[in-house]
Every structure is written in structure tokens, then in C-alpha cells.
Amino acid sequence: MDDAVTVTDLVVDRGPRRVLPGLTCAVPAGRVTGLLGPSGSGKSTLLRAVVGVQQVRSGRVTVLGEPAGSPALRSRVGYVTQAPSVYEDLTVRENARYFAALFGRGSAAADAALADVGLRDAAGQLVRNLSGGQRGRVSLACALVGEPELLVLDEPTVGLDPVLRVELWDRFAALAAGGTTLVVSSHVMDEAGRCDRLLLLREGELLSDSTPAQLRAESGTDDLEEAFLRLVRARQQEVAA
Amino acid sequence: MTAVLSPRLTGATTGRVLRQLRHDPRTLAMLTVLPGLLLGLLYLLWRDVPAVPGQAPVFDRVGLTMLGIFPFVVMFLVTSIAMLRERTSGTLERLLTTPLSRLDLLLGYGTAFGAAAAVQALVTVGVATTVYGLDVAGSLWLVVLIAVVDAVLGVALGLLASAFATSEFQAVQFMPVVVLPQFFLCGLLVPREQMAGWLQAVSDVLPLTYAVEALQEVGASASATATMWRDVGIIAAVALAALALAAGTLRRRTS
């Protein structure tokens, strides 16, 4: 299987803190890869390095065969930040059309992306007047509109109701089935089961790189949250020993 | 490949910034009406003050200069806040991951606010000459042109300044830092010939000096003078240099 993203010995400092102390991992192409871990574990930093907006101390990040952040990648990679990054003083449709234009797409693509995230009826509303969950979906639509080969999503389901979360994960699976590579970060372990591949991160270290099935088998529990806790404890004992 | 500059992406950004303005009717109203009202205050202030024999009435001199200073100040402020919002809302980081180049973004802002400044200048010049009887020897279109170039200079310096501001409090305080010295030394308060030599030298390198001189040229001669065109060229060149510098200070990768 080809890897869409390879990270080699990545070291990132943010201020005095070393957030990633030398991370090596890979993201398989055409799959949904979940990046999981508690808050502060370095998930967002890793995603920022993948899209090329993070200053890195050393190491290598290769995305779709190019160094992360290289100009050629900018039309092939979509990025959704953790906080919705769209224009509050524009309507939903105007936001989608602007980002569509940046990726060389027309207004039909913008409308399709809004329909994809269930915002067709809110298209004429100002983002300022939307709920937090709706804003997050506008932000997502603005990345979907470019039909990127790699979609990097930082906690896209925060603040969404359960029905929407399920719909969104169905959407991610459909995108992956169509050949898109997705990296989705989350700190909610019950979303881990929806991923094809799981990267578990804790304090910048890769605790596990497996599939949900493997993780369940290795840790001897069906509950992925529990599996994660067992991994953490095992690692702590290792360090203490 | 991302080009250094794409007219299509610059245009899309101009449209986006103008749409943001359209959704903010109060800002639009203030942009178009406020300079005219302030000019009215100056008109009333000097209406009954007798003119010095052999000189143009004070309002004709100061009012005309203000037509160049208003757009500069207003656009400086508006742009530095707009750019700071772009930074704090995360949209800037996101834009930097798209095919939009940094120069596209900054030129998009320059064009959008330049267009807004053109509307502002048309309204203000119209009000000044009809309601307040401002007397200008040269073409009013040249006054509008100079006002727009001044506005673009304000936009460019605002974009540059916002790179050094990490909070709204800082951004707002860059206004007096950048604007007031230029205003004090532009030749309006004290004619440049009467300044101390070193102050005159400082005044020589401040772009607003040339905006004021260009307007004085239009106010005094019926046809466009070479000095005026040189001044407009200088302001435009400084604006472009500031935009390029702002693009250079815009970091794609941040910690």
C-alpha cells in the first residue's frame, strides 16, 4: 500500500516546549486515518506540519511525494483547522464560493460542497449567525470544495450532535472509497472505530499504529477507550521500569 | 504551481473583501459620509476667519489637503484591523495552505480598499466643492486620483504594520506611530521651507509629504504639473514597496 504522508524523525518545538520529540509515522493513501490522543498530545502540531504551516526544528514530512508545504501541493491538500476558519461577515455561500475560486472551481462546486455538509438551506445566512456546529461544517465545506487528494481535518466533529457526527463519518468513508486520503484528529475514542487506521499519540510519541481490530485484539478489550488507557499504562510502566 | 501573482486569485480576493464590506453597512456609511462631515466642521471653523491678503483662504488650503489625508488614515486603520482579524480567526493560516499567493492576498486587499476609497473620494470631493465651496484650480479627477493613491498607500502601510501587531491594542496604536509624524511633517502645519533642516530631511522621506504637495499642485494650477505626476509616482512606488515588504514579512510557517 502506498503512503500519502510519511513523517520521519519530526522534531517540533513550540516556545520552550518540545511538542514532537522525533516522530516517525505514515498515513496510507485512500484511507481514513485517525489521529487520536488526549489534548496537548501534539495532534494539531503534526497536522500543521503536514499542511506546511508549522515551523519544524528537524525531520522530514513528505506529502503526496513532495516536501510538505511545497507550492505544488497547495491545490492537492485541503486543511480544516480546529477552530472554524471562515469569514463570519460573509454568507455561507460566499465563503464556499471564495474558497472554490481559490481552487479554480466554480459556484456549482461550492453549492455541491454545501449540500455535502447539509448546509444547502443555510447558504444565504451570515456565518456570524450560525451555531458552532454549523460554522464547523462551513469550514469543512470550504476544504471539500477543492476536491483535494489529501484532506487534513483537525477535530472536525467537535460540537456536533450525534446524528451529524455519524453523517460526517459516513461522508469521510465515502470520500476514502473514492480515493481521497483523510487524516482526522479526534480526542473522542468512540470515533476511532470509524477509522481504517489509527495513530495513537501521547506527549508527542506514537503509542500505537494499527487498525481498530488489531488494537482491540492486542489489548484484549472491545472498548477502544479502554484499549488506549491500557496502552498508556503499559507505556508508563515501561518508562518507570 | 502557485504563481507569484495570479490576477484571477487576486480578483477573487478583492471580491471577497468587498462582499465583507457590503455586509457591514455601518462601516460603509461611515467610510462614505464621515470625511465629508469632518470637512464640514473645518469649513465652519474657518468660514468667518478673514483670509491673509495674497494667500488662498485657509479652508481651500487645509480642506484640499485633508482630501488626501482622510483616505490615508482611514484605510490604514481599516486594513490593519482587517489583516489582524484574518490572522486571529485562522483564515490567514488556511489561505496560506491554498494556491493563493501572499502577494495575491495583499493586492486583493489593496484593490478592494482602493475601490472603496474611490467611492469615498468621489463623495467627499463632491461635497467639498458644492456644499463648502472648496476652490480647486485644477481637475477634480486628479484630486480623486491622488486620494485613491493615498488610500492604497494607507492600505499597504496598514498591511505592513499589522505584521508587527499581535493584538488589536497594538494594531490600533500603530496608527499614531505611522500617521501622526507624517501628518506633523507633511507641510500642512508648518510650511516645509520653514522647518529645521533635519526635520525637512525627515519630511523628505515620508510619503504623505508628496501626497500633500501633489494636492497643493492641483489646487494652484489649472493643468496637471510635472511635480504632481512625480509625487503621484513616488506615493505609488512607496505603496508597492510596502506591499512587497508586507508579503515578505508574512510567514507561511509559524511556531
Chain B heavy atoms under 4.5 Å from [X]: which part of the residue, side chain, backbone, both or neither?
X	value
L126(A)	side chain
A101(A)	both
P84(A)	backbone
T91(A)	both
E94(A)	side chain
R76(A)	neither
T45(A)	neither

Roughly how far, to the nearest 0.5 Å, is [atom2] of [Y] from [atom1] of [X]?
X	Y	atom1	atom2	result
R94(B)	C142(A)	CZ	SG	5.0 Å
T91(B)	F99(A)	OG1	CZ	7.0 Å
Y87(A)	R16(B)	OH	CZ	3.5 Å

Self-check item: Distance under 6.0 Å and angle within 45° of ring axis: R19(B) vs Y98(A)
Solution: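 Checked: cation-pi criterion not met.
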
Exercise. Looking only at non-hydrogen atoms, find the nearest pair between D89(A) and R85(B) and report the distance.
Key: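 Heavy-atom minimum between the residues: OD2-NH2, 2.6 Å.
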
Quiz item: Nearest heavy-atom pair of P99(B) and L102(A): which atoms, and what distance?
Solution: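 Where P99(B) meets L102(A) most closely, the heavy atoms are CG-O, 3.5 Å.
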
Quiz item: Are V77(A) and T97(B) side-chain neighbours, meaning at least one heavy-atom pair lies under 4.5 Å?
Solution: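 No, their side chains stay 4.5 Å or more apart.
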
Practice problem: Answer yes or no: is there a side-chain heavy-atom contact under 4.5 Å between E93(B) and V51(A)? | Solution: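 E93(B) does not reach V51(A) side chain to side chain.
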
Quiz item: Are the side chain of R253(B) and the backbone N or O of V53(A) linked by a donor-acceptor pair below 3.5 Å?
Solution: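 Not a single qualifying donor-acceptor pair exists.
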
Exercise. Count the heavy atoms belonging to other residues, nucleotides or ligands that lie under 6.0 Å from NE2 of H187(A), then report whether that count exceeds 12.
Key: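 Atom NE2 in H187(A) is not crowded, with 12 or fewer foreign heavy atoms closer than 6.0 Å.
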
Quiz item: Looking at L92(B), L21(B), L95(B), which makes the most heavy-atom pairs under 4.5 Å with chain A?
Solution: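 Of the options given, most contacts go to L95(B).
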
